[in-house]
Number of protein chains: 2
Amino acid sequence: MARKRFENFCCSTAQTLDQIGDWWSLLIVRDLFSGARSFTALADNLGVARNILTDRLKRLLEHGVIEKAPPRNEDERFAYRLTEKGRDLLPVMIALMQWGDKWVRGAGCEPLVVVDARDGKPVRPMRVRAWDDRELGLAEIRALPGPGADADAEGQAPLPAQA
Amino acid sequence: MARKRFENFCCSTAQTLDQIGDWWSLLIVRDLFSGARSFTALADNLGVARNILTDRLKRLLEHGVIEKAPPRNEDERFAYRLTEKGRDLLPVMIALMQWGDKWVRGAGCEPLVVVDARDGKPVRPMRVRAWDDRELGLAEIRALPGPGADADAEGQAPLPAQA
DNA sequence: CAGTATCCTCGCAGATACTG
DNA sequence: CAGTATCTGCGAGGATACTG
């Protein structure tokens with residue numbers, strides 16, 4: 001059988017991956033965060049085949065992550081732009097980027113530092129926080145089914161401490 | 001030509017995706033966060049083919065995201081466990097999960113609420129924060145090449161405000 | 001239990017030419 | 001510029017049987 005789709009997985013993570021988890025979508029989102037707007041700019045930046053880019057843009061449009069906006073200059077016919085849903089991926093992108101900068105940055109690879117535009121200081125590392133702002137580690141959190149959840153779904157084990 | 005690898009992309013995001021960005025790896029990590037430990041448990045939970053699981057585990061081991069630990073009971077020969085590098089994916093996982101719960105949760109899908117184990121309150125939504133703890137939006141941040149970065153790489157455009 | 005080995009299928013993706 | 005259309009193929013991924 002071919003690739004398995006995650007649409008029917010009863011898990012936010014899986015569903016999310018089904019919308020933005022493929023190889024190119026997240027990089028497209030990243031480029032949109034970085035200011036790319038036109039089809040050609042994206043194609044050139046990413047080095048992706050045009051038909052693949054078309055497909056990914058279509059999916060992102062369908063999922064409401066991006067939208068088409070009027071062009072800003074004569075060089076482009078219109079501009080791709082992140083929707084609110086897309087902009088809401090900012091924490092994900094920053095968390096990924098910070099993890100990458102910390103753990104996987106390889107030889108000759110630029111560490112991209114995300115800074116506060118006001119003072120130029122780097123943004124804080126992303127942390128999981130409780131309501132009293134205390135930082136929470138893996139051992140201090142649990143995953144519970146929210147309201148309306150299926151009690152005996154397969155996600156029973158609530159994030160136990162690993163150590 | 002076949003699939004393009006992201007290893008040579010000069011961008012943390014791309015490099016990160018090369019390590020954990022494929023369809024199954026993140027779900028494996030998620031299951032490890034959730035307490036799964038054995039090969040069979042992972043295979044059953046995810047419904048992934050055994051050879052694929054083997055391959056992903058091997059890659060995650062090579063990248064140092066997971067490690068093998070002694071078994072805890074008679075049913076398992078040893079246990080897979082997240083390393084520090086792997087546990088550091090917690091903000092990414094939480095951010096993804098929260099995004100999914102907010103935007104892509106579909107019909108009959110349980111919203112997984114991550115809570116503080118002390119008081120049972122949900123953890124705060126992941127936010128990008130400045131050093132003074134102010135929340136930063138897309139318009140208020142910039143991406144700069146960090147120390148040792150290649151100035152004229154292709155990632156020049158520093159996150160301009162989209163609106 | 002925890003994999004390995006094999007076979008096979010189809011989806012992802014690259015290249016390129018063409019249209020509006 | 002912004003795609004669409006078509007051809008091609010690698011290899012990811014599934015199924016299953018086998019091993020230690």
Asks: Which heavy atom of A/W99 sits nearest a heavy atom of B/D88, and at what distance?
Replies: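 Scanning both residues, the minimum pair turns out to be CD1-O, 3.5 Å.
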
Asks: Check the phosphate of D/dA17 against B/R50, side-chain N and O only, distance under 4.0 Å to OP1 or OP2. Yes or no?
Replies: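 No, B/R50 has no side-chain N/O under 4.0 Å of OP1/OP2 on D/dA17.
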
Asks: Report the distance from atom CG of A/L27 to atom P of C/dC12, rounded to the nearest whole Å.
Replies: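 Going from A/L27 (CG) to C/dC12 (P), I get 17 Å.
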
Asks: Which pair of heavy atoms, one from B/L90 and one from A/G137, lies closest together, and at what distance?
Replies: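 Taking every non-hydrogen atom into account, CD2-C, 3.9 Å.
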
Asks: Give me the atom names and distance for the closest heavy-atom approach of B/L60 to B/Q19.
Replies: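 That would be CD2-O, 4.3 Å.
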
Asks: Rounded to whole angstroms, how far apart are CG on A/D22 and C1' on D/dG13?
Replies: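 Atom-to-atom, A/D22 to D/dG13, this comes out as 16 Å.
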
Asks: For D/dA2, does OP1 or OP2 lie under 4.0 Å from any side-chain N or O of A/T54?
Replies: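 Answer is no, no contact under 4.0 Å.
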
Asks: Does the side chain of B/Y80 get closer than 4.0 angstrom to OP1 or OP2 of C/dC1 through an N or O atom?
Replies: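 B/Y80 to C/dC1 OP1/OP2: no side-chain N or O under 4.0 Å.
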
Asks: Given atom CG of A/L53 and atom C1' of C/dA13, what is their separation to the nearest angstrom?
Replies: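 Distance, rounded to whole Å: 12 Å.
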
Asks: Among residues at least two apart in sequence or on other chains, which ones pass side chain to side chain donor-acceptor pair (under 3.5 Å) with A/E76?
Replies: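 Per chain and number, A/E76 pairs via side chain to side chain donor-acceptor pair (under 3.5 Å) with no residue.
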
Asks: Within the distance-only criterion (no hydrogens, no angle test), does the side chain of A/T83 pair as donor or acceptor with the backbone N or O of A/E67 below 3.5 angstrom?
Replies: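 Such a contact is absent between A/T83 side chain and A/E67 backbone.
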
Asks: Just to confirm, is there a sub-4.0 Å distance from OP1 or OP2 of D/dA2 to any side-chain nitrogen or oxygen of A/K58?
Replies: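 Checking D/dA2 against A/K58, no side-chain N or O comes under 4.0 Å of OP1 or OP2.
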
Asks: Using whole Å, what does the distance between atom P of nucleotide C/dA2 and atom CG of B/L61 come to?
Replies: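 These atoms are roughly 14 Å apart.
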
Asks: Can you measure B/I52 atom CD1 to C/dC8 atom P for me and round it to whole angstrom units?
Replies: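 It is 17 Å, rounded to the nearest whole Å.
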
Asks: Over how many whole Å does the gap from B/R56 atom CZ to C/dG3 atom P extend?
Replies: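 In whole Å, C/dG3 P and B/R56 CZ are 15 Å from each other.
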
Asks: Taking the minimum atom-to-atom distance to the side chain of B/E76, which one of D/dA2, C/dC12, C/dA2 wins?
Replies: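 Looking only at side-chain atoms, B/E76 lies closest to C/dA2.
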
Asks: If you only use heavy atoms from C-beta on, which nucleotide in D/dG14, D/dT4, C/dT4 is closest to the side chain of B/W24?
Replies: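 Looking only at side-chain atoms, B/W24 lies closest to D/dG14.
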
Asks: Which atom pair, heavy atoms only, marks the closest approach of A/L89 to A/F33?
Replies: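 Taking every non-hydrogen atom into account, C-CZ, 4.0 Å.
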
Asks: In this structure, how many angstroms lie between the P atom of C/dG3 and the CG atom of B/L46, rounded?
Replies: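 The distance from CG of B/L46 to P of C/dG3 comes to 15 Å, rounded to the nearest Å.
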
Asks: In terms of the nearest nucleotide of DNA chain D, which residue is placed more toward the 5' end: B/D55 or A/F78?
Replies: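 Result of the comparison: A/F78.
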
Asks: At under 4.0 Å between heavy atoms, what does A/T40 touch on the DNA or RNA strands: base, sugar-phosphate, or nothing?
Replies: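 Sugar-phosphate only.
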
Asks: Would you please test A/V65 and A/R59 for side chain to side chain contact (heavy atoms under 4.5 Å, CB included) and show each step?
Replies: CA-CA 9 Å; A/V65 176; A/R59 292 194 53 159; over 6 Å; no

Asks: Find the distance A/L42:CG to D/dA2:C1' and express it as a whole number of Å.
Replies: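 To the nearest whole Å, that distance equals 12 Å.
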
Asks: For A/R77 and A/N51, take the nucleotide of DNA chain D holding the closest heavy atom to each; which residue's nucleotide lies nearer the 5' end?
Replies: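 Counting from the 5' end, the first nearest nucleotide belongs to A/R77.
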
Asks: For a stem of at least 3 consecutive Watson-Crick or G-U pairs with distances under 3.5 Å, i pairing with j, i+1 with j-1 and so on, which stems involve DNA chain D?
Replies: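 As far as DNA chain D goes, consecutive pairing (with distances under 3.5 Å) yields the stems C:1-20 with D:1-20.
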
